[in-house]
Amino acid sequence: MPETEAAVVRPGTGPFAWETLQVDEPRPDEDELAPPAPVGCGIQTGAGAVLNELRPGTGGSVAVCGAGAVGLFAVMAADLAPAEKIIAVGIVPSRLVPARELGATHTINGNQEDTPQRLREITGGRGVDRALESSGVPALLRQAIGCLALGHGTVAVVGAPPVGTDGTFDVNFLLNGRTIRGVTEGDSDLTAFIPALANLYRSGRLPFDRMARLYEPSRIDEAAAEATGGQVLKPVLRFAD
């Protein structure tokens, strides 16, 4: 090809090139890679929904309905935003404690407190600017919608119940400028967002490793049981070389 001609290189065209260039870069060891292993799914889903879609502004309020792994990743992201009031709603006490440590300014135990009433109290009766529903429970989705502020309140739905599950809400409540938005994998541009999350992790601003616990593959049943019971937030199976 003459030097004056430009070439457009597309993925998958390497076999047709006259020459290829491989850049050798230092590779992180497995100890560094293991804790953020869920970055491609749970981390990206929770943090991406907040940073890419909800985008709470300074002084705003965010309610995260569901204090599992995805919900707590959303709490960390909301703390970066930075929102003034970050409210984690869950039913497992052992998950509400780390929610506070990861950035939540308020926590609500849905089994012990009146969630809608507490949200009104925390926001001074105006409702939350942004909400995220990560549990996949229709009743919690209705609560998340019902807590939205007039005119601009938006809820991102990331929890996935069984196919065919219906949810209900007051249509007239939405007519006053409130929004429901479905979000998959944080609506992320993978080539840009995944490296950005990795950099935030390395800088200590998104401490994924505080939520992950490593297990040998032979302990998979134990990992599943501890995740279900709330003793661990994000179990990661680590396979030997």
Side-chain angles (χ1 to χ4, degrees), residues 28-54 62-81 86-104 107-110 131-137 140 156-161 183-188 190 193-241:
D29 60 31
E30 290 190 6
D31 289 333
E32 182 183 6
L33 289 173
V39 71
C41 185
I43 297 172
Q44 178 180 211
T45 296
V50 172
L51 298 176
N52 296 331
E53 291 300 329
L54 293 178
V62 181
V64 177
C65 300
V70 171
L72 293 187
F73 292 137
V75 166
M76 284 192 284
D79 191 38
L80 285 176
I86 304 170
I87 309 155
V89 183
I91 59 173
V92 181
S94 63
R95 292 181 175 177
L96 293 176
V97 172
R100 284 274 192 177
E101 298 171 352
L102 294 170
T107 57
I108 299 173
N109 187 321
L132 179 137
E133 204 300 299
S134 64
S135 71
V137 178
L140 288 185
V157 184
V158 301
V183 180
T184 300
E185 297 290 352
D187 277 1
S188 305
L190 298 181
F193 194 60
I194 296 296
L197 290 176
N199 288 334
L200 288 169
Y201 166 67
R202 286 172 173 158
S203 69
R205 298 176 66 194
L206 279 180
F208 306 147
D209 52 338
R210 294 179 58 183
M211 299 175 59
R213 183 180 298 174
L214 304 182
Y215 296 83
E216 298 298 325
S218 60
R219 299 173 61 199
I220 185 171
D221 291 338
E222 177 186 351
E226 292 188 349
T228 301
Q231 294 97 326
V232 61
L233 288 164
K234 198 63 178 178
V236 175
L237 296 181
R238 181 172 179 177
F239 291 83
D241 294 336

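This is a predicted model, so every value here is computed, not measured. In this chain, numbering begins with 1 at the start of the sequence shown.
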List for me each residue that meets side-chain contact (heavy atoms from CB on, under 4.5 Å) alongside [X], sequence neighbours excluded, and say none if there are none.
| X | value |
| --- | --- |
| P207 | M76, L102, D209, R210 |
| A223 | Y215, P235 |
| L80 | L200, R205, L206 |
| V183 | A49, E53, A156, V158, R181, D187 |

Inset, instruction - Report yes or no: does S134 contribute a side-chain atom to a donor-acceptor pair with the main-chain N or O of C65 at less than 3.5 Å? - result: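 A pair under 3.5 Å: yes.
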Where do [X] and [Y] come nearest, in terms of heavy atoms and distance?
| X | Y | value |
| --- | --- | --- |
| L233 | A69 | O-CB, 3.6 Å |
| A212 | V236 | CB-CG2, 4.1 Å |
| A99 | T107 | CB-CG2, 4.3 Å |
| G46 | L132 | O-CD1, 4.3 Å |
| L237 | P217 | CD2-CA, 4.3 Å |
| Q231 | R213 | O-NH2, 3.4 Å |

Using the test salt bridge (Lys or Arg N to Asp or Glu O under 4.0 Å), find all partners of [X] that sit at least two apart in sequence or belong to another chain.
| X | answer |
| --- | --- |
| E222 | R219 |
| E185 | none |
| D79 | none |
| R100 | none |

Inset, instruction - Could you note down all residue pairs passing salt bridge (Lys or Arg N to Asp or Glu O under 4.0 Å) where residues 42-51 supplies at least one of them, sequence neighbours left out? - result: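 Found none.
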Inset, instruction - Classify the angle between the aromatic ring planes of F208 and Y201 as parallel (below 30°), tilted (30 to 60°) or perpendicular (above 60°). - result: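 F208 vs Y201 ring planes: parallel.
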Sequence neighbours left out, cut at 3.5 Å: what donor-acceptor pairs do the side chains of residues 88-97 make with other protein atoms?
from: S94; atom 1: OG; to: G230; atom 2: O; distance (Å): 2.9
from: R95; atom 1: NH2; to: A227; atom 2: O; distance (Å): 2.5

Legend entry - CG/L190: more than 12 non-hydrogen atoms of other groups inside 6.0 Å: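 Count over threshold, so yes.
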Inset, instruction - Return the set of residues passing side chain to side chain donor-acceptor pair (under 3.5 Å) with S188 (not counting sequence neighbours), or none when no residue passes. - result: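 By the side chain to side chain donor-acceptor pair (under 3.5 Å) rule, S188 matches Q44, N52.
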